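Step one of this worksheet: look at the structure below.
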There are 2 protein chains.
Amino acid sequence: MAKTGKPPATQDKLDFPRPLTMVDVVIFAVMESRLQVLLVKRPDAPGEPYPGLWALPGGFVDVDRDESLEACARRKLREKAGVEAPYLEQLGSWGGVSRDPRGWSATHVYFALIPSEHVMPQKGANAAEAAWFTLQEFDGRSRLAFDHMEIMQAAVTRLRNKVEYTSLPAYLLPEEFTLSELQRMYEVVMERPIEKSAFRTRVLSSGLVEPVRKMREGPNRPAQLYRLADPVHPVVFTRTIKTRTD
Amino acid sequence: MAKTGKPPATQDKLDFPRPLTMVDVVIFAVMESRLQVLLVKRPDAPGEPYPGLWALPGGFVDVDRDESLEACARRKLREKAGVEAPYLEQLGSWGGVSRDPRGWSATHVYFALIPSEHVMPQKGANAAEAAWFTLQEFDGRSRLAFDHMEIMQAAVTRLRNKVEYTSLPAYLLPEEFTLSELQRMYEVVMERPIEKSAFRTRVLSSGLVEPVRKMREGPNRPAQLYRLADPVHPVVFTRTIKTRTD
DNA sequence: TAAGTTAGTTGCACAGTAGCACTAAGATAT
DNA sequence: ATATCTTAGTGCTACTGTGCAACTAACTTA
C-alpha cells in the first residue's frame, strides 16, 4: 500500500485529482393518496449540466459549512424542502467517471420521509423551481438529470421493501394519527389493500404506538388518536405483511 | 440554487475545495468457527495518518483507473485480499471534516463475504501487512485507524440483522455445501444455536438451494451436497429466525 | 455386534396473521 | 324517534411457518 506508482496516496503529497463530492436527497411524502417525490429544476446557466431537466434536490458538499455528510443532507432538506425530516436514512452512494459531464463525481444519497403537513407552500426557500411528482409520472420516458432516475428507483425499492417489515410509513403522518390513517399510508406505499383486523393487532401488539387522550372527530364514528411510542427508532417486525396469493 | 455566495456550484467554475474521496471494504470470512474481519496495517511513512494502526483495506479513488465506486471496491478486494468476492454490497458512506487529519474526507464503504477457501496464503499481493481478526479482539481498547471501528461495528450490525431474514451466510461457503455446514454459518454469525429441523424446512422450501449429485463423505453418515439455485441474488425470507424466549 | 456420531424425518404445539362477519358510534335523512 | 350510511373497532376460525423433541438412517471404529 505504500508505493503504487499511481496518483493516489503517499506520493508524499495529496496532489492527485479528486472527484466531485455531492449529496442528494430523495424526499417522499404522501399527498392525495399518492406517493410523491420532490424534484427541483436544473438551472439554465451556461456550463450547467442537464439544463432545465428535473433532478433530485442536492448539490456539492461545502467543506466550510458542512460538518458531515448527514449535516449536509439536512441542510439540503432545509434549503430545498424547507423542513426538518422526521426520518432520514442513508440510501447509498453513486459514483463514477461518466455520471456527470464535469468529471469524476460521487454523490451520497439520503432518503427522507415527511408528513404532507410539513410540505412548504410550494417553491419556497432559495431553491430553484421545485415540484412534487407522483411515481406514475416516470413510467413514461420523462428523463431526469444525471443518474437520478436510477437513484430514485432504488429509493422506491428500498422504501417498498422496508414497508413490509418496518414502521416507516408512520413518518409520513403528523405526530398524532389514527390507526386507519396509518393503514392507509401502508396501502399507498405498497399499492395494495391490507386487512384491517390483522393490521391493528400487528401494530398494537408491537408497542409501536401509544394512545393519546384525544379522538379524531369526523362525520362518522370518532377514532382513537395515537402517537409513536419512540419517535426516534422505527420498529422492525419479525414477519412481513403477507401478500395475497403470491 | 443558482447563486449562493458560497464556494459550491455555479461560481462559473468548479474551483472550490473538494473533499478527499476513498473506498473501504469490510471483508468477512468464517475461520475456525469464528466470524473474522480482514485488516491491514497503516504505513509508517511520514505524513501518513494513524501510522502502524490497523485499518480497513481501502484507499483513495483513482480517477484514472476506477470506472465507478463499485469497480474501485473490487479493485481493493483484489489488491488487498486477492479474491473476487461472491457477495459485495454497499454498506454506506462516512464523511466529515474531522475523520481524517488530512482534511474533509468521505469514504464509500462496501461489505464483502468470502468463503474461507478463497482466503489468500496470508500477506499476499502488494498489500501491506494484513491479518484476520475475530470480533472479540475488539471488545477491549484496541484502536483502529480513522473511524474504522465505528464502520466495522456498523457492518457487523448490518450482517447480524440480515442473517435473520436472508441467505447471506451461504456466501461464506464454497459453491457446494451441506445443509449442516450452512446451518453452522448461520450459528456462527448469530452467535446462537438454531433448530436443525426448522432450519432445514426453511431452507429447502424457499428454493434457495438445489441438490447436486454428490455427497460429502466423512467419518459418519454422508451428507447431501447442495449449491445455490441462484448464486447472484440472495433470498429474502418472510420471517426472521425466532430467538429463544426473547 | 455394539457404541458413537452426524444426517435427516416425523409429529405436535404455538404464534402471528389473513379472511370475514360482526358490533359500535357518530352524522344525516325521513 | 327511526332508519340508513359510513367509518371505527372486535371476535372467531383457518392456515402457515416455525420451535421443539423424539425418532430413524447411514456410516465408522472398537
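Bear in mind the structure is a predicted one, so any value in this text is a computation, not a measurement. To find a chain, count down the sequence lines: A is the first, B the second, and so on, and within it residues start at 1.
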Using 4.0 Å as the upper bound for N to carboxylate O, is an ion pair formed by A:Arg75 and A:Glu67? no
Does A:Arg143 come within less than 4.0 Å of A:Glu150, counting only side-chain N to carboxylate O? no
So, are A:Lys242 and A:Glu164 salt-bridged, with charged N and O less than 4.0 Å apart? no
Quick one: does any side-chain atom of A:Arg239 pair with a main-chain N or O of A:Tyr165 as donor and acceptor, under 3.5 Å? no
Taking the six-membered ring for Trp, are B:Tyr226 and B:Phe177 ring centroids under 6.0 Å apart? no
To the nearest Å, how far apart are B:Arg200 CZ and C:dT10 C1'? 13 Å
Measure from CD on B:Gln183 to C1' on C:dT6 and round the result to the nearest Å. 12 Å
Here the distance between atom P of D:dA8 and atom CZ of A:Phe199, to the nearest Å, is 12 Å
Can you tell me if the side-chain N/O atoms of A:Arg184 get under 4.0 Å from OP1 or OP2 in D:dA8? yes
Separation of atom OH in B:Tyr165 from atom P in D:dT18, rounded to whole Å: 16 Å
For DNA chain C, whose closest nucleotide is more 5', that of A:Lys196 or that of A:Arg202? A:Arg202
Whole-Å distance between D:dA8 C1' and A:Glu195 CD? 15 Å
Starting at atom NZ of A:Lys242, determine the distance to atom C1' of C:dG19, rounded to an integer number of angstrom. 10 Å
Start with the C-alpha distance between B:Arg202 and B:Phe237, add both sets of side-chain angles, then the distance that settles side-chain contact (heavy atoms from CB on, under 4.5 Å), and finish with yes or no. CA-CA 9 Å; B:Arg202 182 178 164 103; B:Phe237 299 98; 3.4 Å; yes
Take the protein atom CZ of A:Phe237 and the nucleotide atom C1' of D:dG17, then report the distance between them rounded to whole Å. 19 Å
Categorize A:Ser197 for me: base, sugar-phosphate, or nothing, with a 4.0 angstrom heavy-atom threshold over every strand shown. base
More than 12 foreign heavy atoms under 6.0 Å from CD of B:Glu210: is that the case here? yes
Letter by letter from the 5' end, nucleotides 24-30 of chain C scores (B base, S sugar-phosphate only, - none; protein heavy atoms under 4.0 Å) BBBS---
Counting side-chain heavy atoms from CB outward, which of D:dT18, C:dT17, D:dA8 is closest to A:Arg239? C:dT17
Taking OP1 and OP2 of D:dT7, is either one under 4.0 Å from a side-chain nitrogen or oxygen of A:Ser180? no
